[in-house]
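Note that this is a predicted model, so its numbers are computed, not measured.
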Amino acid sequence: MTTRLLLPTLLLCLPLAACNNHDAARTDPGTGKAASPAAETSTVGKTVQDATDKARKELAQGNINISNDQSDKAEITPQGELLINGKTVTTTASQRALLLDYRKQVEAIAGAGMDIGVAGANLGVKAAGEALKGIFSGDTNGIEERVNAEASKIEAQAKQLCTLLPGMMAKQQALAAAVPEFKPYATMDQSDIDDCGK
């Protein structure tokens with residue numbers, strides 16, 4: 001998976017992770033009765049949060065794959081080593097510092113994306129709950145406004161995430177200049193930044 005695809009992939013996987021236990025969230029295990037929309041929201045949110053916590057741990061403790069469409073597999077280890085096809089590229093202390101700095105930027109962007117995924121999963125369940133509540137109560141006034149208000153908050157988070165991309169590209173370019181072996185994997189360009197808010 002390329003660095004360019006890391007964030008979109010995480011964002012797409014988070015709501016799916018929430019769906020895995022969705023049926024279990026529909027009933028209260030203690031009473032066997034249908035769970036309220038608020039309880040369902042917190043259950044789905046917890047499921048997604050658990051998935052993101054696991055992903056954050058794996059991201060922090062495992063190698064980060066920076067491969068592109070080439071056949072070579074490239075990774076950055078938690079210690080700042082560059083591996084290509086499983087072999088360590090010899091680097092200086094300053095090069096490892098750049099590798100670690102870039103890795104931290106990837107982690108920060110992925111973490112921000114995970115936060116947006118959790119918020120999106122909660123919003124989806126909340127919107128469904130609001131709609132059902134409106135149908136059964138006959139009061140559908142304000143549902144769209146409330147959901148849109150929450151969606152606007154998530155959109156603002158996504159735009160904030162886009163502000164991290166110029167720094168990531170700068171770090172990637174500096175790393176590519178310092179470590180020639182990394183250069184083929186420095187695929188981010190200005191279009192990635194320009195397209196982020198769309």
Side-chain angles (χ1 to χ4, degrees), residues 1-21 47-121 154-155 157-198:
M1 178 187 305
T2 67
T3 304
R4 183 183 298 189
L5 295 177
L6 177 66
L7 181 60
T9 302
L10 288 169
L11 291 175
L12 288 172
C13 291
L14 291 173
L16 294 175
C19 293
N20 287 339
N21 289 334
T47 301
V48 174
Q49 188 64 57
D50 289 347
T52 58
D53 289 346
K54 182 179 177 185
R56 283 178 208 273
K57 184 176 179 182
E58 289 173 1
L59 196 62
Q61 296 177 354
N63 295 347
I64 292 179
N65 186 345
I66 56 166
S67 300
N68 56 24
D69 295 334
Q70 298 176 358
S71 59
D72 292 333
K73 181 179 181 183
E75 301 171 290
I76 301 175
T77 70
Q79 296 76 31
E81 294 177 326
L82 176 62
L83 306 178
I84 298 179
N85 293 326
K87 295 180 181 176
T88 303
V89 173
T90 303
T91 54
T92 65
S94 63
Q95 289 170 323
R96 279 191 301 281
L98 287 171
L99 283 158
L100 278 173
D101 193 34
Y102 178 70
R103 180 188 162 95
K104 286 178 187 172
Q105 187 76 10
V106 171
E107 287 182 46
I109 290 175
M114 290 179 204
D115 291 341
I116 293 167
V118 171
I154 296 172
E155 185 179 354
Q157 280 182 280
K159 287 181 179 175
Q160 186 64 34
L161 185 146
C162 291
T163 66
L164 299 175
L165 295 184
M168 181 174 183
M169 189 169 83
K171 289 176 191 298
Q172 188 181 79
Q173 290 173 345
L175 182 54
V179 183
E181 294 87 349
F182 175 81
K183 193 170 187 176
Y185 310 101
T187 57
M188 188 176 184
D189 60 31
Q190 187 61 41
S191 68
D192 296 314
I193 296 168
D194 296 341
D195 292 344
C196 183
K198 294 180 183 176

Q) Quick one: disulfide (SG to SG under 2.5 Å) pairs with a partner in residues 161-198, sequence neighbours left out? A) C162-C196
Q.
Name the residue from R56, K57, E58 that meets the side chain to side chain contact (heavy atoms under 4.5 Å, CB included) definition with K54.
A. E58
Are the side chain of [X] and the backbone N or O of [Y] linked by a donor-acceptor pair below 3.5 Å?
| X | Y | result |
| --- | --- | --- |
| N85 | K73 | yes |
| R103 | A60 | yes |
| Q79 | R96 | no |

Look up atom [atom1] in [X] and atom [atom2] in [Y], then write down how far apart they are to the nearest 0.5 Å.
| X | Y | atom1 | atom2 | answer |
| --- | --- | --- | --- | --- |
| Q172 | M168 | CD | CE | 6.0 Å |
| I193 | M169 | CD1 | CE | 4.0 Å |
| T88 | E75 | OG1 | CD | 10.0 Å |
| L161 | M114 | CG | CE | 11.5 Å |
| I109 | E107 | CD1 | CD | 11.5 Å |
| L98 | F182 | CG | CZ | 10.0 Å |

Q) Got a sec, which pairs hit ring-ring contact (aromatic ring centres under 6.0 Å, His included) with one end in residues 160-179, sequence neighbours left out? A) none
Q: Report yes if the side chains of L83 and N63 come closer than 4.5 Å at any heavy-atom pair, otherwise no.
A: yes
Q.
If the condition is salt bridge (charged side-chain N to carboxylate O under 4.0 Å, His left out), which residues does E81 pass it with, not counting sequence neighbours?
A. none
Q | Residues in side chain to side chain donor-acceptor pair (under 3.5 Å) contact with Q61, at least two apart in sequence or another chain | A | none
Q | side chain to side chain donor-acceptor pair (under 3.5 Å) partners of T90, counting only residues at least two apart | A | none
Q | Closest heavy-atom pair and its distance - L100, P78 | A | CD2-O, 3.3 Å
Q: With sequence neighbours left out, write down each residue that passes side chain to side chain contact (heavy atoms under 4.5 Å, CB included) with I84, or none if nothing qualifies.
A: D72, A74, L82, V89, E181, Y185
